Amino acid sequence: MSRKNVAVIPGDGIGPEVIKATLEVLEKAAPGKFDFTEVAMGGNAIDKYGEPLPDFSLKTCQNADATLLGAVGGPKWDNQPPEKRPERGLLGVRSGLEVFANIRPAKIFAPLASACPLRKDIAEKGIDFIIVRELTGGIYFGKHEAFKTSDGERAARDVMEYSEHEIKRIAHVAFKMAMGRRKIVTSIDKANILTTSRLWREVVEEVAKEYPEVKLNHLYVDNASMQLVRAPSDFDVIVTENTFGDILSDEASQIVGSIGMIPSASLGENNRGLYEPIHGSAPDIAGQDKANPIGTILAGAMMLRYSFAMNKEADKIENAVDEVLRDGLRTPDIFMDGTKLITGSQMRDAIIAKL
Ligand code: NAD
């Protein structure tokens, strides 16, 4: 296999700490397989170049085989005008890479089961599902309008629109993912009310015919939010539109514990993805070696799996994380009585030692 070119955006706050740990883990899991190119984006890019995402930064990401991102933002840039805010760089990278599918796994590591806010008997059944969220369509990208009615009252509208190809391509992502897992897809919509949802359901059913081994269920979003806490073990792959996915993926992340543990991937038509932890730059703990690097390390494992088909190496990393947790090692965010408190860099070293 030729060496893979990875654009790396350390970002701000704890971003550089968790990225450093992840690059070392990747190098250990697959020695000599990567060329990493550091890219300026976020607050650090504003300080250095006057803008959150300089053109050359985006180009480096677009030319790379995949992009790995820490986190951006912080109080230093909070009072900047919108176009000079670090988050603008984030949206710019996502749209510049044309990533329309956001993949967020919700998996509870057995040693962390007691951190699950759900009843013990529910958590013990095992939680391991993936949310495939449509990321570039729907109401967030429709027409937004504030206006006055004919009698002068203030009013506003946001338009929700989906076309067939947008639904088709995200459905394929979900079904392909299910083929490598337990072969169950749950499509979530509000087809009893919304016309966009009725089209969604129709197109998902058409795509399903191409994956006869996969069982397809449909749920209304209100029911789905309830089932996620009632019986999370029933889910394997969830596919849903942008807004429903935004809300449900936050619900799911809380079910499986600390924000520092959860990775995400955003994928487009080709295999070039954007991989990042779900947390932000955590300015409150930056520079103190308290940041849990596991979310970013697992994002690195997702990159191996989805962009490079290096499943064996991805498994190795996920198993190493599981083992250090079994050994009782904990960064402050996941520390509990009876476990051993360690720093972020000690967590990195422990995972590398398992590899
Ligand atoms: P945050 O995720 O940075 O932090 C929330 C809380 O979780 C904090 O108490 C933090 O210490 C803790 N935390 C987060 N990651 C952790 C880790 N790996 N290990 C241990 N503890 C961790 O969210 P916030 O405080 O709302 O935002 C801080 C900054 O990050 C803001 O500027 C925000 O805009 C930005 N942000 C960036 C991204 C991104 O880059 N993708 C995402 C969310 C927020």
Side-chain angles (χ1 to χ4, degrees), residues 102-133 174 177-190 213-240 244-264 277-279 292 294-295 297-299 301-302 305 314-315 317-342 347 350-351 354:
N102 182 246
I103 319 288
R104 223 189 241 199
K107 177 175 175 178
I108 199 144
F109 283 88
L112 289 183
S114 55
C116 174
L118 300 181
R119 250 183 15 230
K120 196 162 170 269
D121 58 308
I122 296 177
E124 276 174 357
K125 284 191 187 147
I127 301 174
D128 181 5
F129 61 89
I130 286 187
I131 296 186
V132 178
R133 167 189 167 197
M177 215 146 263
M179 285 300 289
R181 296 174 47 96
R182 283 162 35 225
K183 300 193 174 65
I184 307 167
V185 167
T186 306
S187 171
I188 294 175
D189 60 37
K190 191 68 184 167
E213 287 172 56
V214 179
K215 182 174 171 358
L216 170 66
N217 304 311
H218 299 280
L219 278 184
Y220 296 137
V221 62
D222 40 349
N223 184 17
S225 68
M226 201 165 70
Q227 299 305 331
L228 273 179
V229 291
R230 194 192 66 83
S233 59
D234 286 357
F235 293 96
D236 180 23
V237 176
I238 287 173
V239 62
T240 191
F244 299 159
D246 192 6
I247 298 166
L248 294 176
S249 55
D250 268 26
E251 184 186 358
S253 68
Q254 203 45 47
I255 291 173
V256 294
S258 165
I259 191 170
M261 295 284 303
I262 305 168
S264 89
I278 67 159
H279 62 71
N292 185 348
I294 292 179
I297 289 171
L298 293 176
M302 287 181 90
R305 206 181 286 291
D315 285 345
I317 293 175
E318 287 165 1
N319 290 338
V321 168
D322 193 48
E323 280 179 44
V324 296
L325 295 174
R326 277 181 203 284
D327 288 350
L329 303 182
R330 301 283 190 274
T331 44
D333 56 312
I334 49 174
F335 177 72
M336 280 172 288
D337 280 350
T339 60
K340 182 165 184 253
L341 184 64
I342 58 168
M347 179 59 89
I351 293 169
K354 293 291 182 192

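We're numbering straight along the sequence, starting at 1. Keep in mind that this is a model prediction, so the values were computed, not measured.
- When all heavy atoms of Cys116 and Ala123 are compared, the closest pair comes out as SG-CB, 3.9 Å.
- Considering only heavy atoms from C-beta on, Asp322 comes within 4.5 Å of Arg326 through its side chain.
- Heavy-atom minimum distance, Ile103 versus Ile130: CG2-CG2, 3.5 Å.
- Each of Ile188, Thr186, Ile238 was scored for a side chain to side chain contact (heavy atoms under 4.5 Å, CB included) with Asn217, with one residue passing: Thr186.
- Here the straight-line distance linking atom CG of Leu298 with atom CD1 of Ile351 works out to 7.5 Å at 0.5 Å rounding.
- Looking only at distances, no side-chain donor or acceptor of Asp327 sits under 3.5 Å from a matching main-chain atom of Leu329.
- For the pair Asp121 and Lys125, the salt-bridge criterion is not met [side-chain N within less than 4.0 Å of a carboxylate O].
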Checklist entry - Given Ile127 and Ile255, is the side chain to side chain contact (heavy atoms under 4.5 Å, CB included) satisfied, shown in steps? => result CA-CA 9 Å; Ile127 301 174; Ile255 291 173; 3.6 Å; yes
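- Residues meeting the salt bridge (charged side-chain N to carboxylate O under 4.0 Å, His left out) test with Arg330, sequence neighbours left out: none.
- Across all their heavy atoms, Asn102 and Ser264 have their closest contact at ND2-OG, 3.9 Å.
- The heavy-atom pair separating Pro232 from Leu118 by the smallest distance is CG-CD1, 3.8 Å.
- For Arg182 (side chain) and Phe235 (main-chain N/O), a donor-acceptor pair under 3.5 Å exists by modelled atom type.
- In this structure the side chain of Lys190 reaches within 4.5 angstrom of the side chain of Asp222, judged on heavy atoms.
- Leu112 places a side-chain heavy atom less than 4.5 Å from the side chain of Met336.
- For the pair Asp189 and Tyr220, the minimum side-chain heavy-atom distance is below 4.5 Å.
- A 4.5 Å side-chain heavy-atom check between Leu228 and Leu248 finds at least one atom pair inside the cut-off.
- Scanning all heavy atoms of the two residues, the minimum distance from Val229 to Ile122 falls at O-CD1, 3.8 Å.
- The distance from the CD1 atom of Ile294 to the CG atom of Leu325 is 4.5 Å, given to the nearest 0.5 Å.
- A distance of 9.5 Å separates CZ of Arg305 from CD1 of Ile317, quoted to the nearest 0.5 Å.
- Remark: side-chain polar atoms of Ser249 are paired, donor with acceptor, to backbone N or O of Gly245 under 3.5 angstrom.
- Here salt bridge (charged side-chain N to carboxylate O under 4.0 Å, His left out) pairs that include residues 227-237, with residues two or more places apart or in two chains, are Arg181-Asp236.
- The two residues Ala178 and Val214 make their nearest non-hydrogen contact at CB-CG1, 4.0 Å.
- The shortest distance between side-chain heavy atoms of Val256 and Met261 does not fall below 4.5 Å.
- In summary, Arg104 and Asp246 do not engage in a salt bridge, as defined by a charged side-chain N under 4.0 Å from a carboxylate O.
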